[in-house]
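Convention: sequence-line order gives letters A, B, ...; per-chain numbering from 1. Note that the coordinates shown come from a computational prediction; the quantities given were computed from them, not determined experimentally.
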Amino acid sequence: MLDPQLLRKDPEAVAKRLKAQSFDFDWQRYADLENRRKQVQSDVEAMQGDRNRISKQIGKLKRDGGNVEQQMEQMSQLADGLKSGQDDLASLQAELSELAAGTPNLTHESVPIGSNEDDNVEVRKWGTPRAFDFDVKDHVDLGSAGAMLDFDMAAKLTGSRFVVMQGQMARLHRALAQFMLDVHTQEHQYTEYNVPFLVNPDSLHGTGQLPKFEDDQFRTTDDSPYYLIPTAEVPLTNMFRERIVEEADLPYRCVAHTPCFRREAGSYGRDTRGMIRQHQFEKVELVHIVHPENSYEALEELVGNAEKILQKLELPYRTVTLCTGDIGFGAAKTYDIEVWLPAQDTYREISSCSNCEDFQARRMKARFRGKSGKPELVHTLNGSGLAVGRTLVAVIENYQQKDGSISVPEVLRSYLGCDRISG
RNA sequence: GGAGAGAUGGCAGAGCGGUUGAAUGCGGCGGUCUUGAAAACCGUUGAAGGUUUGUAGCCUUCCGGGGGUUCGAAUCCCUCUCUCUCCGCCA
């Protein structure tokens, strides 16, 4: 959520900036609602003040055995106006907060202007794609040996966009997650968490998935529904919802390995082959809760922590800054890390690291007590470190051998107990 | 699933339907004392919103969420959520 002060002061300027992010903010409607709210609220508060004063008089008079008829008369005159004023105020405020809740974050000044992913800007490239002296296969073909990756089986069990992994492939997948957690906890000072995979609507609202992205979520059918988490960012960040932490305890660095569930509504036909885009995938997620002054340093650290995993796995990648047209709803700045996939002859997203500044913190009232003694909003960051399924794809494809087997990256050998897997 | 108890400020914990935004303790902050610190003592200390040039005043709201009774609700009633205890069931 954007700062309401900012919206009030100059909604037109905000609308102008959002326009560059291709979001159409109805600033005139906002300003109009805001003016009415101001009037109604001060009227209501004046009436409430009267009510309180008269009420106290009645108490006093009754105790002294006085006559309260006149006061009772005043009260009944107040009642109607107060009630309708309160109703008006409530509906005005509901409209305003709905408008605010659906408005994306403003981007940082360093974010490049652009309309889509073609305008993202590469900031660095690491490693050199390997030269193959044979025709490369993609992970689907490589995994079909011995049914190590079985998409048909998953379709039978559930439907499209799921996978069954078997034998050494399942183990390689597990090893990757384990390896990532170990690096982040042992080398990058993260605290490991194991969190619920189902969360309530308040949590999804806090991180910004609700109300706008309801259609992307899996939801239970209960009267009070739960949602399957689309990312561990949701439970991790919401641990700080409606909480005031000590300034000295900042920053918090959290890591969790969870499954993630996404409806992928609107991406029909995209990446239908293989496990690049699944309804269920696993991810090791990194979350920072930081002092507002440090959030951009923290973002660089966070990206570095995620990149480190690819470096240790010796997978070539590049890092890009998302432009205003491609950046997500709650982010002020986002780096995507894209790993080299030889079968696609291109770099594909494997991590997305964002600084949300105070956007999520304001929604969820995540605060710290600063030197002033007043609670201030923290800044929140999140990033994949990394998407496990996509990392598996990258390992399979980059480490494939001529005979269709897959050699195991050096750092994973102690986890697997072998240096090569094959169906 | 059955029976009962509870949810109050950063934390713990009082609270008769009217002067309770809320006792008390801890913690925090300021001070006295001290070479410094601790201890002790004194003082201070909730959040959100509105108004305003204002971190000054003034006003409003908030005692788990929602609804109700009442001139007036932290206090009474209903309901939901969560926590705890006992019984049953269960990975």
Separation of the C1' atoms in rC11(B) and rG2(B), to the nearest angstrom: 35 Å
Counterpart base for rU75(B), defined by Watson-Crick or G-U wobble contacts under 3.5 Å: none
rU32(B): pairing nucleotide in any strand, Watson-Crick or G-U under 3.5 angstrom: rA40(B)
Distance in angstrom units between Asp43(A) CG and rU51(B) P, rounded: 13 Å
Side chains of Tyr227(A) and Gln209(A) in contact at under 4.5 Å (non-hydrogen atoms): no
Minimum-distance nucleotide to Lys56(A) side chain [options: rU19(B), rG49(B), rC82(B)]: rU19(B)
Rounded distance (Å) that lies between atom C1' of rA47(B) and atom CE of Met364(A): 19 Å
Nucleotide forming a Watson-Crick or wobble pair with rA14(B), both distances under 3.5 Å: none
Residue Met72(A), side-chain heavy atoms: nucleotide from rC82(B), rG10(B), rC71(B) that is nearest: rC71(B)
Between rU81(B) (P) and Glu242(A) (CD): distance, integer Å: 18 Å
Euclidean distance for P, rA3(B) against rG17(B) (whole angstrom): 29 Å
Nearest-Å distance once atom P is located in both rC63(B) and rU19(B): 16 Å
Test: Arg367(A) and Asp358(A) ion pair at under 4.0 Å: no
Minimum-distance nucleotide (side-chain atoms of Pro375(A) versus rC71(B), rA48(B), rC59(B)): rA48(B)
Length of the line joining Ile54(A):CD1 and rU60(B):P, which is rounded to integer Å: 13 Å
Sugar-phosphate only, base, or nothing, as touched by Arg367(A) at under 4.0 Å among non-hydrogen atoms: sugar-phosphate
Pair assignment for rG1(B), Watson-Crick or G-U wobble, requiring both distances under 3.5 Å: rC87(B)
Gap in Å between the two C1' atoms, one belonging to rU45(B) and one to rG25(B), rounded: 14 Å
Atom pair distance, as rounded to whole Å: CG in Asn52(A) and P in rU70(B): 18 Å
Thr185(A) side chain to Glu192(A) side chain, donor-acceptor N/O pair below 3.5 angstrom: no
rG64(B) and rA14(B), which share atom name P, separated by this distance in whole Å: 14 Å
Pairwise C1' distance for rG15(B) and rA74(B), with rounding to whole Å: 8 Å
Lys60(A) NZ to rU20(B) P, straight-line distance once rounded to whole Å: 11 Å
Phosphate-side-chain proximity, Arg51(A) and rG18(B), N/O vs OP1/OP2 below 4.0 Å: no
Length of the line joining Glu247(A):CD and rG27(B):P, which is rounded to integer Å: 21 Å
Base-pairing mate for rU51(B) - Watson-Crick or G-U, with both contacts under 3.5 Å: rG57(B)
Whole-Å distance separating the CG atom of Leu61(A) from the P atom of rG18(B): 16 Å
Sugar-phosphate only, base, or nothing, as touched by Lys38(A) at under 4.0 Å among non-hydrogen atoms: sugar-phosphate
Base-pairing assignment for rG27(B) (Watson-Crick or G-U wobble, both under 3.5 Å): rU45(B)
Euclidean distance for P, rG88(B) against rG9(B) (whole angstrom): 36 Å
Nearest-nucleotide comparison on RNA chain B, the residue closer to the 5′ end among Asp50(A) and Arg37(A): Arg37(A)
Residue pair Asp336(A) / Ser352(A), side-chain donor-acceptor N/O under 3.5 Å: yes
Touch class at under 4.0 angstrom, heavy-atom based, for Gln48(A) against every strand present: sugar-phosphate
Comparing Met75(A) and Gly59(A) on RNA chain B - which has the more 5′ nearest nucleotide: Gly59(A)
Donor on one side chain, acceptor on other, His257(A) and Glu282(A), under 3.5 Å: yes
Flag side-chain contact, heavy atom, 4.5 Å: Leu78(A) against Ile54(A): yes
Nearest-angstrom distance, P atom, rG10(B) to rG46(B): 10 Å
rA7(B): pairing nucleotide in any strand, Watson-Crick or G-U under 3.5 angstrom: rU81(B)
Flag, side chain of Arg243(A) to backbone of Ala366(A), donor-acceptor distance under 3.5 Å: no
